[in-house]
Amino acid sequence: MTTLYGIRNCDTVKKARAWLDGAGIAYAFHDYKTAGIDAALLESWLARLGWEALLNRAGTTFRALPDTDKAGIDSARAVALMLAQPSMIKRPVFVHDAILLVGFKPAAWQAALTPEC
């Protein structure tokens with residue numbers, strides 16, 4: 001199963017969806033802002049990529065945190081933050097079989113998905 005995780009209104013997610021549609025790649029869309037994110041799934045992503053690759057520190061949700069919440073973040077704290085507020089997960093996250101992509105860079109997606117999907 002191919003799934004794109006993100007937030008429906010995110011401009012980067014919109015670009016990724018348009019790219020996937022244009023490439024004829026079928027996928028299910030999971031809006032983790034409205035549907036949440038499964039803890040086991042998030043943990044599996046972190047096991048492969050590390051929390052630093054998944055925590056969106058540039059987003060407004062993270063930046064709005066008090067400095068005390070931002071200080072000393074480790075894997076457990078990052079998971080807790082992302083589960084409590086899924087908009088802190090970088091987006092989009094694309095999952096297809098063994099492929100796991102975070103963020104949208106067309107050239108990287110093209111290389112990863114050709115001829116896989």
Heavy-atom pair with the smallest gap, counting every atom of [X] and [Y]:
{"X": "Gly103", "Y": "Trp109", "value": "O-NE1, 3.0 Å"}
{"X": "Val13", "Y": "Gly6", "value": "CG2-CA, 4.0 Å"}
{"X": "Trp45", "Y": "Ile37", "value": "CH2-CD1, 3.8 Å"}
{"X": "Lys90", "Y": "Ala53", "value": "CD-O, 3.2 Å"}
{"X": "Val95", "Y": "Tyr5", "value": "CG2-CE1, 3.9 Å"}
{"X": "Ile89", "Y": "Tyr32", "value": "O-OH, 3.0 Å"}

Without swapping roles, check the side chain of [X] against the backbone of [Y] for a donor-acceptor pair under 3.5 Å.
{"X": "Tyr27", "Y": "Phe94", "answer": "no"}
{"X": "Asp31", "Y": "Lys33", "answer": "yes"}
{"X": "His30", "Y": "Gly36", "answer": "yes"}
{"X": "Lys70", "Y": "Arg63", "answer": "yes"}

Say you draw a straight line from [atom1] of [X] to [atom2] of [Y]; how long is it, rounded to the nearest 0.5 Å?
{"X": "Leu55", "Y": "Leu49", "atom1": "CG", "atom2": "CG", "result": "13.0 Å"}
{"X": "Thr34", "Y": "Asn9", "atom1": "OG1", "atom2": "CG", "result": "10.0 Å"}
{"X": "Phe104", "Y": "Leu4", "atom1": "CZ", "atom2": "CG", "result": "9.5 Å"}
{"X": "Leu113", "Y": "Ile99", "atom1": "CG", "atom2": "CD1", "result": "5.0 Å"}
{"X": "Lys105", "Y": "Lys15", "atom1": "NZ", "atom2": "NZ", "result": "13.0 Å"}
{"X": "Asp97", "Y": "Thr2", "atom1": "CG", "atom2": "OG1", "result": "6.5 Å"}

Linked, directly or transitively: Leu100 and Trp19 (ILVMFWY side chains, under 4.5 Å): no

Joint cluster assignment, Leu41 & Phe29, ILVMFWY side-chain distance < 4.5 Å: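 In one cluster with Leu41: Phe29, no.
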
Criterion side chain to side chain contact (heavy atoms under 4.5 Å, CB included) on Asn56 and Phe62, from CA distance to verdict: CA-CA 7 Å; Asn56 183 8; Phe62 183 83; over 6 Å; no

Side chain to side chain contact (heavy atoms under 4.5 Å, CB included) evaluation trace for Met88 with Leu65: CA-CA 11 Å; Met88 285 195 213; Leu65 289 174; 3.7 Å; yes

Working for side chain to side chain contact (heavy atoms under 4.5 Å, CB included), residues Arg77 and Trp51: CA-CA 10 Å; Arg77 180 74 180 127; Trp51 67 267; over 6 Å; no

